[in-house]
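Scroll down for the structure; my scribbles are underneath it.
Residues take their numbers from the sequence shown, with the count starting at 1. Heavy atoms only: backbone and side chains are in, while hydrogens, waters and symmetry mates are out.
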Amino acid sequence: METKRYTKESIDQAAEQLRKGEVIAFPTETVYGLGACAENEEAVKKVYLAKGRPSDNPLIVHIAKSEDILSYTDDFSLVTKKLMDTFWPGPLTIILPLKNQRLSKTVTGGLDTCAFRMPDKELTLQLLEKTGPLVGPSANTSGKPSPTTFDHVYHDLAGKVVGILDGGECQVGVESTVIDLSNEEEIVILRPGKIGVEELQQVVDVPVVYDQTILGEKGIPKAPGMKYRHYSPTTPVVMVEKKDFAQAIKHYGKEKVALLASDDVIAQFPNEKVFSLGNTLQEATQRLFAGLRTCDEWGVETILAEAFPVEKESSGIQRAYMNRLEKAAGGNQFLA
Ligand code: TXA
Ligand code: MG
């Protein structure tokens with residue numbers, strides 16, 4: 001199968017393919033998604049096949065306007081409405097109870113809830129207007145870092161999908177924050193993303209908490225996708241704090257490592273194989289997946305990636321960065 005590049009100019013053709021039941025990747029502000037019409041079960045099955053994704057892992061349904069959800073759920077509560085009005089379009093996925101069976105088990109993993117999100121990307125909102133709701137898991141091979149450019153998607157899925165809508169580089173760089181609103185006494189963050197407790201708590205009165213299974217803690221995550229090894233390049237990744245890089249490079253061998261680190265760290269080790277994470281957490285998060293993919297192609301023995309340890313007051317973006325890095329590293333940290 002030839003994988004075609006679609007752009008703003010050819011968006012109508014991409015929409016037509018999707019309506020016919022084909023699979024097309026689309027850009028969002030977080031990462032690229034792998035699209036198929038949410039109510040077409042055969043099309044949704046092709047998404048799992050292309051990604052090699054376990055079938056008990058439910059998908060996010062992407063929509064162009066909040067009202068689109070009313071085909072599947074009851075009227076919004078005040079809390080839900082407030083969150084949608086404040087954060088949509090944007091990197092927030094909301095899990096709501098379903099009222100009918102219009103979405104197949106293939107989409108929901110057999111749960112009586114479904115995840116919804118309105119992406120903040122004009123091109124993809126236009127696509128959604130033309131196709132109706134689309135499922136959209138990240139458009140990577142299952143287990144690999146999520147794609148933040150057209151090239152990443154092409155690398156993983158060329159020959160497996162009909163096309164990719166090219167929307168340039170993703171601005172956020174990690175997947176959306178996933179919150180469970182099926183119990184309105186408490187809002188639980190199942191997957192950390194750019195929007196953290198602080199931002200959510202400014203908008204709602206009910207307590208917002210992180211699911212205890214997210215970082216290091218024991219138990220089975222409520223978002224099925226969080227239990228899998230994830231975001232992993234083939235090369236082993238080790239987390240290293242800023243102050244420990246000199247020792248870590250010595251330990252793993254100067255010639256055998258790639259550095260994925262902030263500019264101030266890189267400035268100290270100019271002769272190494274390096275990928276810059278910039279100067280801010282925002283930049284680091286936007287570049288993390290691209291960095292893991294690039295370092296993986298250098299044929300080194302170990303990728304030393306900078307850790308920004310999370311504390312109680314840490315922002316959503318820092319928790320999101322560390323959550324993805326911990327998974328890529330399988331929890332491996334250099335202890336000086
Ligand atoms: O930013 C994003 O969310 C990207 C872009 C493309 O929109 N999409 C994305 O989808 O990351 P995916 O499928 O890779 O991750 C969806 C996560 C998984 O961890 C899944 O288990 C969880 O959301 N999830 C989906 N439906 C759920 C439900 N009803 N209950 C609990 N968790 C759910
Ligand atoms: Mg994913």
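Closest approach of Pro119 and Thr124 over heavy atoms only: CG-CG2, 4.1 Å. Looking at every heavy atom in both residues, Gly167 comes nearest to Leu123 through CA-CD2, 4.1 Å. Nearest heavy-atom pair, Gly193 versus Ala320, reported as atom, atom and distance to 0.1 Å: CA-CB, 3.6 Å. In this structure, Thr93 and Ala115 approach most closely via the heavy-atom pair CG2-CB, 3.6 Å. Across Ile317 and Thr285, no two heavy atoms sit closer than the pair CG1-OG1, 3.6 Å.
No side-chain donor-acceptor contact under 3.5 Å links Thr80 to the backbone of Phe76. One N or O on the side chain of Thr28 and one on the backbone of Thr30 form a donor-acceptor pair closer than 3.5 Å. Put simply, the side chain of Tyr48 gets close to the backbone of Asn57: a donor and an acceptor are under 3.5 Å apart. The backbone N or O of Glu41 sits nowhere less than 3.5 Å from a side-chain atom of Thr106 that would complete a donor-acceptor pair. Within the 3.5 Å criterion, the main-chain N or O of Val203 finds a donor-acceptor partner in the side chain of Lys82. Looking at Gln201, its side chain does come within 3.5 Å of a backbone N or O of Val208 through a donor-acceptor pair. Side-chain atoms of Arg117 do not come within 3.5 Å of backbone N or O of Thr177 as any donor-acceptor pair. The backbone N or O of Cys295 lies less than 3.5 Å from no partner atom in the side chain of Lys273, so there is not a single donor-acceptor pair. Side chain of Glu241 to main chain of Pro309: no donor-acceptor pair is present (N/O by atom type, distance under 3.5 Å, no hydrogens or angles). In this structure, Thr294 contributes its side chain and Gly291 its backbone to no donor-acceptor pair below 3.5 Å.
In the model, Thr235 has no side-chain atom that pairs as donor or acceptor with a side-chain atom of Glu301 under 3.5 Å. In this structure, a donor-acceptor pair under 3.5 Å is absent between the side chains of Thr113 and Ser182. Remark: the Gln286 side chain and the Glu169 side chain contain an N/O donor-acceptor pair separated by less than 3.5 Å. One side chain, Ser276 or Arg287, offers a donor N or O that lies under 3.5 Å from an acceptor on the other. Residues Gln171 and Lys121 bring no donor and acceptor atom of their side chains to less than 3.5 Å of each other. In the model, Thr149 has no side-chain atom that pairs as donor or acceptor with a side-chain atom of Asp151 under 3.5 Å.
Side-chain contact between Gln13 and Tyr6 is present, with at least one heavy-atom pair separated by less than 4.5 Å. Under the 4.5 Å side-chain criterion, counting only non-hydrogen atoms from C-beta, Ile249 is in contact with Glu272. A 4.5 Å side-chain heavy-atom check between Leu98 and Asp112 finds every atom pair outside the cut-off. Counting only heavy atoms from C-beta outward, the side chains of Met322 and Met239 approach each other to under 4.5 Å. With a 4.5 Å cut-off on side-chain heavy atoms, Lys327 and Asn323 count as touching. Looking only at side-chain heavy atoms (C-beta outward), Leu259 and Phe275 stay at 4.5 Å or farther from each other. The closest side-chain heavy-atom distance from Phe245 to Glu306 is below 4.5 Å. By the 4.5 Å heavy-atom criterion applied to side chains, Phe87 and Ile195 are counted as neighbours.
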- request: Would you please test Val79 and Ile187 for side chain to side chain contact (heavy atoms under 4.5 Å, CB included) and show each step?
  value: CA-CA 10 Å; Val79 173; Ile187 296 175; 4.1 Å; yes

- request: Determine, step by step, whether His62 and Phe116 satisfy the ring-ring contact (aromatic ring centres under 6.0 Å, His included) criterion, reporting the C-alpha distance in whole Å, the side-chain angles of both residues, the deciding distance to 0.1 Å, and the verdict.
  value: CA-CA 6 Å; His62 295 68; Phe116 296 97; over 10 Å; no

- request: Determine, stepwise, if the pair Ser176 / Arg191 fulfils side-chain hydrogen bond (donor to acceptor under 3.5 Å, both in side chains).
  value: CA-CA 8 Å; Ser176 59; Arg191 179 174 71 182; 3.2 Å; yes

- request: Go through Leu200 and Leu92 one step at a time and tell me if the side chain to side chain contact (heavy atoms under 4.5 Å, CB included) criterion holds.
  value: CA-CA 10 Å; Leu200 292 165; Leu92 182 71; 4.2 Å; yes

task: Start with the C-alpha gap between Leu128 and Leu134, add the side-chain angles, then the distance that decides, and say whether side chain to side chain contact (heavy atoms under 4.5 Å, CB included) holds.
output: CA-CA 7 Å; Leu128 288 164; Leu134 296 175; 3.6 Å; yes

- prompt: Going through the checks in order, is the side-chain hydrogen bond (donor to acceptor under 3.5 Å, both in side chains) test met by Ser146 and Glu175?
  reply: CA-CA 8 Å; Ser146 297; Glu175 303 83 348; 2.4 Å; yes

- prompt: Step by step, would you call Ile94 with Met84 a side chain to side chain contact (heavy atoms under 4.5 Å, CB included)?
  reply: CA-CA 9 Å; Ile94 299 181; Met84 288 174 175; 4.0 Å; yes

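Taken together through direct or relayed side-chain contacts under 4.5 Å among Ile, Leu, Val, Met, Phe, Trp and Tyr, Val237 and Val240 form parts of separate hydrophobic clusters. Linking Ile, Leu, Val, Met, Phe, Trp and Tyr whenever their side-chain heavy atoms come within less than 4.5 Å leaves Val174 and Ile60 in two separate clusters. At a threshold of 4.5 Å between side-chain heavy atoms, the hydrophobic network of Ile, Leu, Val, Met, Phe, Trp and Tyr places Leu181 and Leu70 in one connected group. If you chain together hydrophobic residues whose side chains sit under 4.5 Å apart, Val107 and Val161 fall into the same group. One hydrophobic cluster, built from ILVMFWY side chains closer than 4.5 Å, holds both Met118 and Tyr72.
To the nearest 0.5 Å, atom CG of residue Asp296 and atom NZ of residue Lys144 are 6.0 Å apart. Residue Ile24 holds its CD1 atom at 4.5 Å from CG of Leu18, rounded to the nearest 0.5 Å. In this structure, the separation between OG1 on Thr108 and CG on Leu59 is 9.0 Å, given to the nearest 0.5 Å. One finds the CG atom of Asn100 at 9.0 Å from the CG atom of Asp74 (value rounded to the nearest 0.5 Å). The distance from atom CD1 of Ile95 to atom CG of Asn183, rounded to the nearest 0.5 Å, is 12.5 Å. Rounded to the nearest 0.5 angstrom, Ser315 OG and Leu281 CG are separated by 6.0 Å.
Figure legend: Arg319 and Tyr210 shown as a cation-pi pair, the cationic atom lying under 6.0 angstrom from the six-membered ring centre and within 45 degrees of its axis.
Using a cutoff of 4.0 Å between basic side-chain nitrogens and carboxylate oxygens, Lys20 and Glu22 are not scored as salt-bridged. Of the charged side-chain nitrogens involved, at least one lies within less than 4.0 Å of a carboxylate oxygen, so that Asp156 and Arg293 count as a salt-bridged pair.
Other residues, nucleotides and ligands contribute only 12 or fewer heavy atoms inside 6.0 Å of the NZ atom of Lys105. Atom CD of Glu16 has 12 or fewer neighbouring heavy atoms from other residues, nucleotides or ligands inside a 6.0 Å radius. Around the NZ atom of Lys242, the shell of radius 6.0 Å holds more than 12 heavy atoms that belong to other residues, nucleotides or ligands. Within a 6.0 Å sphere centred on CD of Glu186, other residues, nucleotides and ligands contribute more than 12 heavy atoms.
Here His251 and Phe334 bring their ring centres to under 6.0 angstrom of each other.
When each of Leu165, Leu157, Val153 is paired with Tyr32, the side chain to side chain contact (heavy atoms under 4.5 Å, CB included) condition holds for Val153 and for no other.
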